[in-house]
Amino acid sequence: MRVQNSGIANLFPEAQLDDFLFDPLGYSVNGILDGGYFTLHVTPQSSCSYASFETNILLPSYTELIEKVVNVFKPGRATISVFSNDPVTSIHSR
């Protein structure tokens, strides 16, 4: 499994993972944990590098998870979208 050295396996260490390395470039991993999922896709081309992460795994706070994802990729910039069935009372940025 290619996720061990990347830090991806540490996002949800207990998750069951299935990953795929595309030829010549690209990577995807899907994880299942406690009835929820996460999926991550990477396109590493220098002209259009892109990484996406999505999850429906319920957490009391997503701050630590967002920090972990950002630390895996260390992007020059990031966009975060949050969807919720419950009202959100506050969101902060750094």
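Scope of the values below: all heavy atoms of this structure, side chains included, with no hydrogens, waters or symmetry mates.
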(request) With sequence neighbours excluded, give me every side-chain hydrogen bond (donor to acceptor under 3.5 Å, both in side chains) pair touching residues 47-61. (result) Tyr37-Glu54, Ser61-Thr63
(request) Nearest 0.5 Å please: distance from the CG atom of Leu21 over to the CG atom of Asp19. (result) 8.0 Å
(message) Quick check for you: to the nearest 0.5 Å, what is the distance between Tyr27 atom OH and Phe22 atom CZ?
(response) 10.5 Å
Say whether [X] and [Y] are linked into one hydrophobic cluster, either directly or through other cluster members, by side-chain heavy-atom distances under 4.5 angstrom.
X: Val72; Y: Tyr62; answer: yes
X: Leu59; Y: Ile32; answer: no
X: Ile8; Y: Leu25; answer: no

(request) With sequence neighbours left out, write down each residue that passes side chain to side chain contact (heavy atoms under 4.5 Å, CB included) with Val69, or none if nothing qualifies. (result) Leu11, Phe53, Leu65, Phe73
(message) Please find the pair of heavy atoms, one from Lys74 and one from Asn71, that lie closest to each other, and give the distance.
(response) NZ-O, 2.8 Å
(message) Can you confirm whether Phe38 sits close enough to Leu17 that some side-chain heavy atom of one is under 4.5 Å from a side-chain heavy atom of the other?
(response) yes
(message) Is it true that, when you exclude Gln45 itself, more than 12 heavy atoms of the residues, nucleotides or ligands shown sit nearer than 6.0 Å to its CD?
(response) yes
